[in-house]
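Numbering of residues begins at 1 and proceeds along the displayed sequence.
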Amino acid sequence: MTTTPTVVLVHGAFADATSWSGVITELQNHGIPVIAPPNPLRGLASDAAYVASVAAQIDGPVVLVGHSYGGALITVAGVTENVVGLVYVAAYALEEGESLGELQGRYPLSPLVSNLKEWTYPTPGGEPAVEVTIAQDAFPSIFAADVPADVTKVLAAAQRPLAAAAFEEKAEAAAWRTKPSWALIAAADEAINPDVERFGARRAGATVVELEGASHAVAVSRPKEVADLIRDAVRATG
């Protein structure tokens with residue numbers, strides 16, 4: 001058993017685990033064990049169950065870090081016994097019984113909502129289901145306004161879709177009720193209204209850091225500041 005918690009980085013929609021690359025480098029340079037598993041992006045309950053299974057198979061304590069939709073997942077998966085802390089990065093912090101749509105609906109919708117492109121994908125039952133990505137021409141301003149243009153073009157082309165049903169699923173638990181939490185607010189976020197991030201963090205009693213001018217892709221554009229907050233959580237729970 002290790003006393004230094006392992007950090008599990010959970011990416012959100014329209015991204016993949018490589019979005020954590022800069023943060024991973026920062027954490028590894030400080031000797032903090034870290035993994036960034038793939039997020040299936042198929043539904044709140046099933047995705048949270050996957051994250052919980054990853055955490056449960058790690059020897060020793062775990063700090064879960066969720067970006068965007070990943071925040072909803074760590075809220076549910078965080079009830080796993082060896083999870084000792086939660087870090088929300090420009091993320092949703094749901095209440096038990098609440099959906100993403102309900103939390104977003106508390107405040108004016110972000111530009112993301114009107115710039116989603118719908119696709120379909122096959123399901124075992126035979127009926128196609130709907131998934132969404134961000135329209136490529138809108139991706140830079142909505143997701144990554146503070147990221148270099150050449151990088152943003154690659155991110156837009158490589159984005160991973162989220163099952164539309166995930167917006168309506170209700171959280172089965174709220175781990176922040178029993179686990180300490182930290183939150184980074186991206187003050188210039190155009191994907192999630194920053195007031196949604198602030199509300200969720202305040203309700204969770206999180207220790208909050210707010211970054212002025214930070215876009216939704218804050219883990220890409222400001223990895224050191226993101227890693228610094230995660231290190232605070234590791235130090236506090238280790």
Side-chain angles (χ1 to χ4, degrees), residues 1-12 17 19-39 44 47-96 98 103 171-186 192 197-211 214 218-220 222-238:
M1 298 286 282
T2 175
T3 55
T4 301
T6 296
V7 173
V8 176
L9 302 170
V10 182
H11 68 82
S19 61
W20 293 112
S21 295
V23 175
I24 292 170
T25 298
E26 291 284 339
L27 295 175
Q28 288 178 337
N29 286 344
H30 286 88
I32 296 172
V34 55
I35 63 169
N39 179 350
L44 179 56
D47 294 343
Y50 176 74
V51 171
S53 75
V54 172
Q57 294 175 73
I58 294 171
D59 289 332
V62 168
V63 169
L64 289 179
V65 182
H67 172 244
S68 190
Y69 167 68
L73 303 187
I74 70 169
T75 297
V76 177
V79 298
T80 305
E81 186 176 356
N82 63 327
V83 173
V84 294
L86 310 168
V87 182
Y88 294 91
V89 178
Y92 297 103
L94 296 178
E95 173 62 282
E96 184 177 354
E98 183 177 54
L103 177 55
E172 297 175 355
W176 48 258
R177 289 193 167 277
T178 56
K179 310 283 174 84
S181 61
W182 290 257
L184 186 147
I185 312 301
I192 300 177
E197 299 171 20
R198 295 183 185 106
F199 171 81
R202 183 170 62 248
R203 181 172 61 181
T207 299
V208 176
V209 170
E210 183 155 337
L211 296 185
V218 63
V220 178
R222 314 238 328 235
K224 185 182 184 303
E225 286 111 317
V226 173
D228 284 347
L229 183 61
I230 296 170
R231 285 170 58 209
D232 288 346
V234 168
R235 280 195 294 265
T237 58

Examine distances only and state if a side-chain atom of [X] and a backbone atom of [Y] form a donor-acceptor pair shorter than 3.5 Å.
| X | Y | answer |
| --- | --- | --- |
| N82 | A55 | yes |
| N39 | H11 | yes |
| R198 | E210 | no |
| W176 | L94 | yes |

key: Point-to-point distance, once rounded to the nearest 0.5 Å, from OG1 of T237 to CG of D232   = 10.5 Å

Taking all atoms of both residues into account, what is the closest heavy-atom pair of [X] and [Y], and its distance?
| X | Y | value |
| --- | --- | --- |
| V23 | A219 | CG2-O, 3.8 Å |
| A52 | A77 | N-CB, 3.7 Å |
| A175 | G78 | CB-C, 3.4 Å |
| P223 | G22 | CB-C, 3.5 Å |
| S181 | G205 | OG-C, 4.3 Å |
| V76 | A173 | CG2-O, 3.8 Å |

inquiry  = As a quick check of understanding, evaluate side-chain contact (heavy atoms from CB on, under 4.5 Å) for I230 and L9, giving each step before the final call.
reply    = CA-CA 10 Å; I230 296 170; L9 302 170; 3.9 Å; yes

message = Whether E26 and R231 form a salt bridge (side-chain N of Lys/Arg under 4.0 Å from carboxylate O of Asp/Glu) is what I want to check.
response =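 Salt bridge between R231 and E26, a charged N being under 4.0 Å from a carboxylate O: no.
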
inquiry  = Suppose we screen for side-chain contact (heavy atoms from CB on, under 4.5 Å). Which residues come up paired with S53, at least two apart in sequence or across chains?
reply    =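 Once residues adjacent in sequence are excluded, the partners of S53 under the side-chain contact (heavy atoms from CB on, under 4.5 Å) criterion are Y50, Q57.
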
note = Exactly one of V65, I74, T207 clears side-chain contact (heavy atoms from CB on, under 4.5 Å) with V87, and that residue is V65

message = Can you tell me which residue among I192, T75, L73 is in a side-chain contact (heavy atoms from CB on, under 4.5 Å) with Y92?
response = I192

Pairs flagged by ring-ring contact (aromatic ring centres under 6.0 Å, His included) wherever residues 56-87 is involved - sequence neighbours left out =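 Checked against ring-ring contact (aromatic ring centres under 6.0 Å, His included) - neighbours excluded - the pairs reaching residues 56-87 are H67-H216.
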
Listed once per pair and sorted, the salt bridge (Lys or Arg N to Asp or Glu O under 4.0 Å) pairs that draw on residues 174-186, sequence neighbours left out = E95-R177

Going by heavy atoms in the side chains, are [X] and [Y] under 4.5 Å from each other?
| X | Y | answer |
| --- | --- | --- |
| V234 | L27 | no |
| V62 | T80 | no |
| V51 | P37 | no |
| I58 | I35 | yes |

request  = Please step through side-chain contact (heavy atoms from CB on, under 4.5 Å) for the pair V54 and V10, ending with a clear verdict.
outcome  = CA-CA 11 Å; V54 172; V10 182; over 6 Å; no

message = Quick check on E172: does its CD atom have over 12 non-hydrogen neighbours (other residues, nucleotides or ligands) under 6.0 Å away?
response =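 For E172, atom CD is not crowded (no more than 12 foreign heavy atoms under 6.0 Å).
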
CA sep, side-chain torsions, deciding dist, call: V209, E225, side-chain contact (heavy atoms from CB on, under 4.5 Å) = CA-CA 9 Å; V209 170; E225 286 111 317; over 6 Å; no

